[in-house]
Amino acid sequence: MSATTVAIANQKGGVGKSTSAINLGAGLAFQGERILLIDLDPQGNTTSGLGVDRGAIQYSTYDLLVEDVAIEDVVEPSSVRDLFVVPATIELAGAEIELVSMFSREARLGTAIKGIVEDYDFVLIDCPPSLGLLTVNGLAAADEVLIPIQCEYYALEGVSQLLRNVQLVQRNLNPQLEVEGVVLTMYDGRTTLAADVVTQVREHFGDTTYRTVIPRTVRLSEAPSYGEPIEAYDPMSRGAIAYRELAREFRRRHGRT
């Protein structure tokens, strides 16, 4: 069976996108799924957050998109069993410009991963915080979009622009693409603002919004510096419990018990 490919996207930075990519991916792997995580962000937070040594990377997402290196040669194992990563380096920042003049520039990622989707249960794509060609490649290659929204001021700002871009990709490049869900992140239970944002997002997106809400915790922000997902770093922490539940909810939505 072919993998379901999910782009994790929000053009606002600092919404917990890479944190969600790492910890949802790891949560699914710990629950028996075989996961490929594609780091499409030149900052490479997902790559370093999974303990991949960026200095030892032979090929990266850049080589996959620009140099036509086969994806099998780019995939690296992570510190978690059954969780694999296509790593990103700062070179990827140049891809945005180099892709402009390339044939089928929006479809290069989709073409590159075609031959490998049979090997995984889910492919997760961590898109950069922008709406440029890299994100368009992520959306064009995906079956679904998962949108992390942080529980802070202006939470919904920019989301309408992202949704417009999703519609453009649906119309012009990938008619199968749909919004899979919205995940509320960085929830601080001590503030009324966070509760207000949760209400606002649920009213706006309805059942598309995940029931699981990800808390803002120190342990979650510490884990990437140790190159581990929260499930490995501190499995009893609130962040680990939340991402474990998010992975369960995600699997239920995809008919996997």
Side-chain angles (χ1 to χ4, degrees), residues 1-11 17-18 20-29 31-41 46-47 50 60-65 68-76 78 80 82-88 92 95 99 104-128 131-148 162-163 165-183 208 210 246-247 249-256:
M1 199 173 84
S2 189
T4 301
T5 302
V6 184
I8 300 173
N10 187 332
Q11 79 268 26
K17 201 164 39 57
S18 295
S20 293
I22 290 168
N23 291 301
L24 175 60
L28 291 168
Q31 290 173 32
E33 308 289 358
R34 189 172 164 87
I35 305 298
L36 178 63
L37 195 41
I38 298 175
D39 194 348
L40 209 53
D41 187 345
T46 292
T47 300
L50 282 169
S60 68
T61 320
Y62 172 86
D63 300 291
L64 187 69
L65 293 174
D68 291 323
V69 171
I71 192 163
E72 294 86 345
D73 297 327
V74 187
V75 173
E76 300 270 349
S78 77
V80 176
D82 282 335
L83 176 60
F84 299 85
V85 63
V86 172
L92 187 57
L99 283 168
S104 291
R105 60 191 182 184
E106 299 95 348
R108 291 185 72 82
L109 181 63
T111 303
I113 66 174
K114 260 196 178 76
I116 206 170
V117 288
E118 305 294 328
D119 301 337
Y120 298 92
D121 296 305
F122 294 99
V123 176
L124 305 181
I125 304 170
D126 182 22
C127 297
L131 291 173
L133 263 176
L134 290 174
T135 296
V136 169
N137 261 273
L139 295 174
D143 303 302
E144 304 171 347
V145 192
L146 181 64
I147 306 171
L162 174 65
L163 293 173
N165 276 52
V166 168
Q167 285 168 348
L168 279 171
V169 170
Q170 284 168 329
R171 270 206 305 276
N172 300 304
L173 298 166
N174 182 2
Q176 279 76 46
L177 183 66
E178 52 188 53
V179 175
E180 191 279 328
V182 170
V183 179
T208 314
Y210 274 83
L246 182 71
E249 199 177 339
F250 181 92
R251 290 181 73 227
R252 282 198 298 273
R253 286 187 177 203
H254 290 84
R256 305 175 80 86

- Message: For a side chain to side chain contact (heavy atoms under 4.5 Å, CB included) check, start with the C-alpha distance between T46 and D41, then their side-chain angles and the critical distance, and finish with the verdict.
- Response: CA-CA 8 Å; T46 292; D41 187 345; over 6 Å; no
- Task: May I have the step-by-step check of side chain to side chain contact (heavy atoms under 4.5 Å, CB included) for R256 and F250, ending in yes or no?
- Result: CA-CA 9 Å; R256 305 175 80 86; F250 181 92; over 6 Å; no
- Item | Stepwise side chain to side chain contact (heavy atoms under 4.5 Å, CB included) test for V182 and Y210 | CA-CA 6 Å; V182 170; Y210 274 83; over 6 Å; no
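Distance alone, capped at 3.5 Å, is enough to place a donor-acceptor pair between the N10 side chain and the P148 backbone. Side chain of D63 to backbone of V74: no donor-acceptor contact under 3.5 angstrom is found. The backbone N or O of Q170 lies less than 3.5 Å from no partner atom in the side chain of N174, so there is not a single donor-acceptor pair. No donor-acceptor pair under 3.5 Å is formed between the side chain of D39 and the backbone N or O of P87. Panel note: side chain K17, backbone C127; a donor-acceptor pair is recorded below 3.5 Å. Counting only distance, with no hydrogens or angles, the side chain of R34 and the backbone of D119 share a donor-acceptor pair below 3.5 Å.
Residues L133 and E106 form a side-chain contact, since some pair of their non-hydrogen atoms from C-beta on lies under 4.5 Å apart. Using a 4.5 Å cut-off on side-chain heavy atoms (C-beta onward), L134 and L65 make contact. In this structure, E33 and H254 have side chains that are not in contact, with every pair of non-hydrogen atoms separated by 4.5 Å or more. Residues R105 and N137 form no side-chain contact, since every pair of their non-hydrogen atoms from C-beta on lies 4.5 Å or further apart. Residues I35 and Y120 are not in side-chain contact: their nearest non-hydrogen atoms beyond the backbone lie 4.5 Å or more apart. With contacts defined as side-chain heavy-atom distances shorter than 4.5 Å, the pair V123/V6 does not qualify. In this structure, the side chains of L163 and I147 come closer than 4.5 Å at one or more pairs of heavy atoms. Side chains of V86 and L37 form no contact here, defined as non-hydrogen atoms less than 4.5 Å apart.
Heavy-atom minimum distance, L124 versus A21: CD1-O, 4.0 Å. Heavy atoms only, all atoms of each residue included: L139 and A7 are closest at CD2-CB, 4.1 Å. Residues E180 and E144 share a closest heavy-atom pair of CG-OE1, 2.9 Å. Taking every heavy atom of both residues into account, A142 and L177 meet most closely at O-CD1, 3.6 Å. Here the shortest heavy-atom pairing between V80 and A26 reads CG2-CB, 4.5 Å. Contact detail for L40 and P128: the closest heavy-atom pair is O-CD, 3.3 Å.
To the nearest 0.5 angstrom, I125 atom CD1 is 6.0 Å from T5 atom OG1. We find the CG-CG distance between L24 and L146 to be 6.5 Å, quoted to the nearest 0.5 Å. Atoms CG and OG, from L50 and S18 in turn, are 10.0 Å apart once rounded to the nearest 0.5 Å. Remark: N165 CG to L131 CG distance equals 4.5 Å, nearest 0.5 Å. Going from atom CG of D126 over to atom CD1 of I22 covers 7.5 Å, rounded to the nearest 0.5 Å. The CD1 atom of I8 lies 11.0 Å from the CD1 atom of I38; values are rounded to the nearest 0.5 Å.
Not counting sequence neighbours, D143 has no partner by the salt bridge (charged side-chain N to carboxylate O under 4.0 Å, His left out) test. Under the side chain to side chain donor-acceptor pair (under 3.5 Å) criterion, Y62 pairs with E98, not counting sequence neighbours.
If you run side-chain contact (heavy atoms from CB on, under 4.5 Å) between L64 and each of L92, I71, T111, only I71 comes through.
Within the cation-pi definition used here (under 6.0 Å to the ring centroid, within 45° of the axis), R251 does not qualify as a partner of F122.
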